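Before any comments, here is the structure.
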There are 2 protein chains.
Amino acid sequence: MDTRERLIESARELLWERGYVGTSPKAIQERSGAGQGSMYHHFHGKPDLALAAISRSAEELRERAEVQFSGPGPVVDRITAYLRRERDVLKGCPVGRLTQDPDVMSDPDLRRPVAETFAWLTDRLATLLAEGRANGELDARLDPAATAGALVAVLQGGYVLARAAGSPEAFAQAVDGAVGLLAGHVRRGGE
Amino acid sequence: MDTRERLIESARELLWERGYVGTSPKAIQERSGAGQGSMYHHFHGKPDLALAAISRSAEELRERAEVQFSGPGPVVDRITAYLRRERDVLKGCPVGRLTQDPDVMSDPDLRRPVAETFAWLTDRLATLLAEGRANGELDARLDPAATAGALVAVLQGGYVLARAAGSPEAFAQAVDGAVGLLAGHVRRGGE
DNA sequence: GTCTATACCTGGATAGAC
DNA sequence: GTCTATCCAGGTATAGAC
């Protein structure tokens, strides 16, 4: 991995752990093993490097989600698999945590990947839910867009609860609750 | 409002807007109109003042929630009223946002009010759901604790989605989804 | 209780040598 | 491409006068 790459990866980790305000160029340099001049050679400054790091985190989130979404089986199973997928729960969501950072949200460039990620995720889930409704897996009364929003919110909120409790268990419980609520709308064998 | 009080209120606002790392003693002093010496007379330092501010935000959250929880009517209506209560959506949750702050979570004193608030909230909702199940309002298959976790998570995650989208609409949609999912488990007239 | 002065460290960046 | 020197603002706190 070359220097530029190590800078991006280190920035990604620090942004995840400490957010934008809590991450200093010096900290990024130390973690990556790059010097001062090296960082400013590859990037114009903190916002520029942060943009590269955030974009990559956003991209990765989408790729990982798509693995579950486009898998085999009934849509309800795919959605459940996505919800229950293994996660670094106590670290939180690398993209979602950025919404709490005023310096990220007030910069249109830094904000865009965050906004696009959640727009895509909610939309993708809504499409799957609509599909499930169309093929009879799901109750016709379920609103795909609203339900998708609720599911994404459960994950994001689950991270908050787990971090507050200091235990991944709180996340798992919230997901269990969501799966349980969804189960009431699943049609079994021509109901 | 005396100086001490103004310091706490200013710290509360700034913690809400910018988090712990993003809030400097100087900024608190400027917003409150108190001088340097004045702040250090009333509080030992930033963590001490933050503890007073966080404790108050936690207390207020509980009081406001309890208004809906202990109101009149069926428990499902009370829970729905709580979920749909008017909120400063784009500002986010003053307590939940602190879970993203490593300096808060690594300090046991600052962390305690955050942990206690969500433990209380989830527990309170679970009690209400159990009550609804016992009196026949809700499907007996619903797990009160897990469902409570999901509902609290929807709110916390709803804030994240709304901030990402830059619009309160995303929060409303997630809540709609949760209410819709819950509706499938409500028993109507001896079902 | 509140003020000003002072101290020391870190944040974020530029300049120019190698 | 990378290094070191340097810069100025801001963060956080203490000391002592009023």
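Computed from a prediction, not measured in an experiment: that's the story for all the values here. Lettering follows sequence order; numbering is per chain, from 1.
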Value in whole Å for how far the [atom2] atom of [N] lies from [atom1] of [X]:
X	N	atom1	atom2	answer
A:Q29	C:dA13	CD	C1'	10 Å
B:M39	D:dG11	CE	P	12 Å
A:L49	C:dG11	CG	P	15 Å
A:E30	C:dG12	CD	C1'	14 Å
A:K26	D:dC3	NZ	P	15 Å
B:F43	D:dT12	CZ	C1'	16 Å
A:R4	D:dT2	CZ	P	12 Å
A:E5	D:dG1	CD	C1'	16 Å

What nucleotide among [options] has an atom nearest to a side-chain atom of [X]?
X	options	answer
A:P47	C:dA13, C:dG1, D:dA13	C:dA13
B:Q36	D:dG11, D:dT2, C:dA5	C:dA5
A:Y40	C:dG12, C:dT2, D:dT12	C:dG12
B:H41	C:dG1, D:dC3, D:dT12	C:dG1

(request) On DNA chain C, check which nucleotide each of B:H42 and A:H44 is closest to and give me the residue with the more 5' one. (result)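 Comparing both residues, the 5'-ward one is B:H42.
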Just checking, [X] and [Y]: is the charged tip under 6.0 Å from the six-membered ring centre and within 45° of the axis?
X	Y	value
A:R85	A:F69	no
B:K46	B:Y20	yes
B:R62	B:F118	no

(request) Could you say whether B:K46 or B:G37 is positioned toward the 5' end of DNA chain D, judged by the nucleotide with the nearest heavy atom to each? (result)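 Closer to the 5' end of DNA chain D: B:K46.
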(message) Could you report the tightest heavy-atom contact between B:Q156 and B:G96, atom names first, then the distance?
(response)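 In terms of heavy atoms, the two residues are closest at OE1-CA, 3.4 Å.
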(request) Check the surroundings of atom CZ in B:R64: do more than 12 heavy atoms from other residues, nucleotides or ligands lie under 6.0 Å from it? (result)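 Counting neighbours around CZ of B:R64, 12 or fewer heavy atoms of other residues, nucleotides or ligands fall under 6.0 Å, so no.
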(request) Report yes if a side-chain nitrogen or oxygen of B:T3 is closer than 4.0 Å to either non-bridging phosphate oxygen (OP1 or OP2) of C:dT2; otherwise report no. (result)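 For B:T3, the contact criterion (side-chain N or O under 4.0 Å from OP1 or OP2 of C:dT2) is met.
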